[in-house]
Amino acid sequence: WGPPILPVLTCPEPVIAQGSSSGAVVSLTALAGHPCGDALTLTWNVDGGAAEQTNSLPDGSTAPPAPVGFSTWFAPGVHQVTLALQDGRHSPIIGKTTVIVVAPVVAGLQGVVSDDGLPAGGALTSAWTLVSGPGSVMFDDPSQLALAAQFGEIGTYILRLTVGDGELSSYDDVIVH
C-alpha cells in the first residue's frame with residue numbers, strides 16, 4: 001500500500017467581465033482528472049448557494065485531466081465560485097476562483113455657458129464629445145448641457161463640451177475617473 005491516488009483539479013483563473021447594469025454571462029473552464037482515469041463528479045457552486053451545476057466524468061475519461069465547462073449569469077459584483085471534485089472514495093478536492101462583473105459606469109454631466117449676445121439673434125448650440133479614454137461613451141443627448149454619460153469601461157476619460165453661437169465657439173474639457 002502506498003499513499004492514496006487522489007483526483008487532480010485545476011481551477012479557472014479569476015475573471016473580470018464587463019457586464020450590463022443587470023450583469024453578464026461568464027463561462028469558466030476547469031481541468032478535472034484522476035491518474036487512474038477513474039470516474040469523477042465536479043460540482044460548481046456560486047457564492048455558497050445550492051449547487052449550480054454538477055458534471056459527471058465517466059470512468060476512463062479523466063486521464064489526462066479533461067476540461068469541464070461552466071457558464072452562468074452573474075449580477076454585477078464580486079462572486080466566489082467553489083468547485084468540489086469527488087471520486088467517491090476520498091474527501092472532495094476543493095478549489096475556488098473569483099468572478100468580478102463590472103456594470104457600466106454612469107455619470108451626470110452639467111455644462112454651464114454664458115453668451116455675449118453677439119451675433120444678435122444667434123442661437124447657442126452645444127455638443128459633448130469624447131476626447132480620449134479606454135472605451136466608448138454613450139451620451140443621452142450630446143446636444144444638451146445637462147445629461148447622463150455611460151462609460152463602456154473603467155478608466156480615465158476626457159470629455160469636451162463645445163458651445164457655439166454661429167460666429168464663435170469655445171470648449172472646455174472635463175476629466176472623469
Side-chain angles (χ1 to χ4, degrees), residues 9-32 42-55 67-84 94-177:
L9 175 64
T10 303
C11 289
E13 292 292 320
V15 173
I16 299 176
Q18 184 69 43
S20 69
S21 59
S22 60
V25 173
V26 176
S27 297
L28 303 170
T29 302
L31 290 175
L42 179 62
T43 303
W44 301 75
N45 177 285
V46 178
D47 294 332
E52 298 277 333
Q53 177 178 310
T54 299
N55 302 93
V68 182
F70 172 70
S71 184
T72 194
W73 181 264
F74 290 87
V78 178
H79 302 278
Q80 185 76 45
V81 179
T82 303
L83 298 86
I94 304 296
K96 295 180 185 269
T97 192
T98 303
V99 173
I100 301 171
V101 176
V102 180
V105 177
V106 177
L109 303 173
Q110 175 68 55
V112 178
V113 300
S114 60
D115 185 22
D116 63 2
L118 298 174
L124 287 177
T125 61
S126 61
W128 287 94
T129 56
L130 170 64
V131 176
S132 67
S136 62
V137 178
M138 289 179 23
F139 298 102
D140 282 346
D141 180 349
S143 66
Q144 298 296 311
L145 292 175
L147 60 112
Q150 181 174 305
F151 300 87
E153 296 189 29
I154 295 174
T156 300
Y157 291 80
I158 299 176
L159 306 179
R160 178 169 290 162
L161 174 60
T162 303
V163 178
D165 62 6
E167 187 174 290
L168 299 173
S169 67
S170 182
Y171 69 86
D172 198 9
D173 292 341
V174 62
I175 296 173
V176 180
H177 298 283

Exercise: identify the closest heavy-atom pair between Pro104 and Ser20: CD-C, 3.4 Å
Heavy-atom neighbours of Leu118 CG exceed 12 at 6.0 Å: yes
Heavy-atom closest contact (Ala84 atom, Ile94 atom, distance): CB-CD1, 3.7 Å
Gap between atom CD of Gln53 and atom CG of Leu83 - 0.5 Å precision: 10.0 Å
Reported NE2-to-OG1 distance for the pair His79 and Thr72, which is rounded to 0.5 angstrom: 10.0 Å
Inter-residue atom distance Gln18.CD - Ile100.CD1, 0.5 Å rounding: 12.0 Å
Positive for side-chain contact (heavy atoms from CB on, under 4.5 Å) with Leu159, one of Asp173, Leu130, Val131: Leu130
Side-chain heavy atoms of Asp165 within contact of Asp116, under 4.5 Å: yes
Any side-chain heavy-atom pair of Tyr157 and Val105 under 4.5 Å: no
Heavy-atom donor-acceptor pair, Asp47 side chain to Gly49 backbone, under 3.5 Å: no
Met138 CE to Leu147 CG distance, which is reported to the nearest 0.5 Å: 12.0 Å
Evaluation steps, side chain to side chain contact (heavy atoms under 4.5 Å, CB included), between Leu9 and Leu42: CA-CA 9 Å; Leu9 175 64; Leu42 179 62; 4.1 Å; yes
Closest contact, heavy atoms only, Tyr171 versus Arg160: CD1-NE, 3.1 Å
Euclidean distance, Trp44 CH2 relative to Thr54 OG1, rounded to 0.5 Å: 11.5 Å
Shortest non-hydrogen contact between Trp128 and Leu145, atoms and distance: NE1-O, 3.5 Å
Atom of Ala24, atom of Gly19 and distance for their closest heavy-atom approach: CB-CA, 3.7 Å
Expected output: side-chain Ser126 to main-chain Ser143 donor-acceptor under 3.5 Å: yes
Minimal non-hydrogen separation, Ala148 against Val106, with atom names: CB-CG1, 4.1 Å
4.5 Å side-chain heavy-atom contact, Val174 and Leu161: no
Straight-line distance of Thr43 OG1 to Asn55 CG, nearest 0.5 Å: 8.0 Å
Within 6.0 angstrom of Glu13 CD, more than 12 heavy atoms from elsewhere: no
Listed partners of Asp140 passing side chain to side chain donor-acceptor pair (under 3.5 Å), at least two apart: none
Sub-4.5 Å side-chain heavy-atom contact between Val81 and Phe74: yes
Side chain Thr97, main chain Cys11, donor-acceptor under 3.5 Å: no
